[in-house]
Each structure stands twice: as structure tokens, then as C-alpha cells.
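Counting begins at 1 with the first residue of the sequence. Only a predicted model underlies this, so the values are computations on that prediction, with no experimental measurement involved.
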Amino acid sequence: MKSSVLFFLSFLLCYVNSEAQQAKPTDLKATKETVSLYANLKNVMKKGYLVGHQDALAYGVNWKYEPGRSDIKDVTGDYPALYGWELGGIELGAKMNLDSVPFDKMRHYIEDGYRRGGVITISWHGTNPYTGKTAWDPTPGSVAAILPGAEKHDVYQAQLDKIADFLLSLKGSKGELIPVLFRPLHELTGGWFWWGAKSSSVDEFKTLFQYTVKYLRDVKEVHNLLYVYNTGGEFNNAEQFLERYPGDDLIDVVSFDTYQGGKAEIDTAFINDLDRHLTIIEAVAKEKNKIPAVAEMGFSKIPYSKWFTEAVAKAFTGHHFAYTLFWRNAGYKPGDQTTEYYVPFKGHASAPDFISYYNLPQTIFQKEASKLNLYK
Ligand code: BMA
């Protein structure tokens, strides 16, 4: 009798332990808040997904740097639950990023979002360390040239030092580090960035990703990061999705980016692809015990006014993933004379549809996210 009780108790303990272990990020030294965020994002998926917006607090269509403002808030009365920010330019020691957001302001916006209980994700369209040109310079050999021991390795390492400094400068009110979903080397299956699939071999890319995580985590001791593996839409099965995956010990979130282009109509191919890609990454995440997410998405200028309910929500039906991030409301860009925005602003034709999307039970914006206590 006694031994069977003991057996039962130890079984229970093992079960509880393994449940707890399952909810841990790959960085064994991750801060308390980072560990909590990871576990909570896993739980969130059971009920819905966080909705995010890139550069949400810095600017929107026809406005810039107005304290407290956000296009999503203008339309819904609520902030997004996830805030995307971009570090491109920081590696050069610049005061502002490649989209003209000053890093000092960005730090404050990050603190604001975190204080409200929101989540932060960061991308990095970094300068090509090999050529000194932009991120969009897929010169062959760029990755090989910066690997440990190669001619431009020190340039990349110095870039990472700047990244580490910024990430370690993000602090909450008690001095705790703000957790960040960090997605370096994103859209890695595409051919447009210097780290892309067209300009590096699978092994070179994996080595670069492994080095990047290990340098930030083990050398720079940055322990407020969850690492996001982030492809483009160039995959048809798990094997293709995972071709450049650097390893289970380095990745916490598996994700992809997706954009609708073309005509102002419902595009069944876009919906089907999104649905299919989610099915693939959800299976990968389940098998590897990771978190699935959509790292970036949008339909620039939202020319179809029911896009959010009839395309996005439709494709997302029945899926379980932690978050999605709509890309930035840049508005008119004098540089290339184009206009770009991905969520409606007040008065836009798709604003009523976005409110319907906001009201869906699965979509989580700031007010709901705050109640979830994602850092506890
Ligand atoms: C792109 C566009 C660019 C921007 C870049 C990095 O998709 O929005 O205007 O510079 O992202 O944020």
C-alpha cells in the first residue's frame, strides 16, 4: 500500500516537473519575466492570439511622435497587445533606425508597451557586414565572410555588441529587463537579404544563426530574449520550413511572414496558403515543443475593406498560434514615393471591419493582454 502511494506521488511529481520543464525557453539563464512570458504565450494559444503592430506608438498615417497615440487605438479604442520594433541602423552607431525612429524614443515606447502588459518583438534589417551596403544586398559570400574565423567576422561581432547594448538597456520599473521576442535573420528562405537563401549555403546560415544566439546569450549574457525562427512563405512542408533551422536548443518560436499583394479582392490562394502554412508550423511547433506564430503580415493599403474578417480571420479559423504582427503604418514615404500601411487609421474604409475583427473572441489586444499578466 505504502509503496504504491509513493509510486503514485513520484509519478505525479515527474508529471508536474515535466509540464514545468516543457514551458521553459531555451536560454537556461532566461530572466524570470522571460520564462513567464514563454509559458504564458503557450497558454494564450489555447484561447486566441495576440494582435500586434509594427512601430505602433511612434507614428501612423499622417502623424508622428504624439504621446499615447496609435492608429489601432484611434480605430478601436485599444492598443495592440504586441509591439514590433526595428533595430536596423543601430549596428552603425546611428541615433535613429532606418525608418527614422530615434532609438531613445523607441526605448521609451518599449517601456510603455511593457508597462501596460504588452509584448515586445524586435527585428533587425542590419547593414551587410561584408559589403557595408544595406540589408537588401544579397551579395553571394556575405554569410561565409562573417562566420567565426572569416575576414569580416569582427565587423559582425561588433554589430552584435551594439544589439546587445540596446537589448540590455530595456528595463521595467523595478529595473528588471524587458523580455523581447527577437527575430534576427528573418525571412531567411527569401533571396533579398544578405543572409537569405540565395547567398548562403544551408550550413553557412545555420552556423551564423548558432553563432548569433550563442554570442548574445553566452558571451554578452543577454537573458531577456526568446529567439524566433522566421521564414518567408517559401515552404510547402515541414522539411522545407526546417531546412535552415539552427537547432532546438536555440529556438523558442517558429514563424513565417506573409503578405497579400495584388488586387482589391479576396484572394483564395492567399487564404489557402496562410491556412496551409499555419498547419505546417503548428505541427512543427507541437513536435518540437515550440511556440508557433505569424511574425509579420499585411495587405498594403488594405484595398479590400473586409480583408480582416473575410481573409485574415477566415484563414486563422481553427488555428492555434501565439501572435501575429501587422506591418507598419508608414504612410507616404518620400524616399521611394510609395505609400505603405497595414492597419486602418481613423476614417479609412476598412476601419469598421477592423472593429469587427477586434471584437472576435480569438483576437487579443492590449486591454485583454494586460489582464493575462503575461510576465507573472
Ligand atoms: C519594409 C518597409 C520599409 C522598411 C523596412 C524595415 O518592409 O516597410 O519601408 O524600411 O521594412 O522596417
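In terms of the ring pair (Phe, Tyr, Trp, His ring centres under 6.0 Å) criterion, residue partners of Y341 (sequence neighbours excluded) are, by chain and number, F345, H348. Applying the side-chain hydrogen bond (donor to acceptor under 3.5 Å, both in side chains) rule to K220 yields the partners D161; only residues at least two apart in sequence or on another chain are considered. With sequence neighbours left out, K133 forms a side-chain contact (heavy atoms from CB on, under 4.5 Å) with T131, D137. Partners of P352 under the side-chain contact (heavy atoms from CB on, under 4.5 Å) rule, at least two apart in sequence or in another chain, do not exist in this structure. With sequence neighbours excluded, the residues forming a salt bridge (Lys or Arg N to Asp or Glu O under 4.0 Å) with K29 are E221, listed by chain and number. S370 is linked by a side-chain contact (heavy atoms from CB on, under 4.5 Å) to Q366, counting only residues two or more places apart in sequence or in another chain. The ring pair (Phe, Tyr, Trp, His ring centres under 6.0 Å) search around H53 returns none, not counting sequence neighbours. Contacts of Y156 classified as ring pair (Phe, Tyr, Trp, His ring centres under 6.0 Å), with partners at least two apart in sequence or in another chain: none. Applying the ring pair (Phe, Tyr, Trp, His ring centres under 6.0 Å) rule to H108 yields no partners; only residues at least two apart in sequence or on another chain are considered. Residues satisfying the side-chain hydrogen bond (donor to acceptor under 3.5 Å, both in side chains) criterion with D112, sequence neighbours excluded, are R115. Applying the side-chain contact (heavy atoms from CB on, under 4.5 Å) test to A315 and every residue at least two apart in sequence or in another chain returns I271, L274.
Two rings, from F326 and F308, have their centers less than 6.0 Å apart. When ring centroids are compared, F316 and Y49 come within the 6.0 Å threshold.
Of the charged side-chain nitrogens involved, at least one lies within less than 4.0 Å of a carboxylate oxygen, so that R107 and D104 count as a salt-bridged pair. Checked for salt-bridge contact, E296 and R183 meet the test: a charged N lies under 4.0 Å from a carboxylate O. Taking 4.0 Å as the cut-off between side-chain N and carboxylate O, K206 and D203 do not count as a salt-bridged pair.
Among residues at least two apart or in separate chains, ring-ring contact (aromatic ring centres under 6.0 Å, His included) pairs with a member in residues 245-296 are Y229-Y245, F235-F256, F235-H277, F256-H277, Y259-Y342, F270-W307.
Looking at V254, T189, N236 one by one, the single match for side-chain contact (heavy atoms from CB on, under 4.5 Å) with F241 turns out to be V254.
Across all their heavy atoms, F103 and F166 have their closest contact at O-CE1, 3.7 Å. Closest heavy-atom contact between V51 and P80: O-CB, 3.5 Å.
Between T279 and H319, some side-chain heavy-atom pair lies under the 4.5 Å cut-off.
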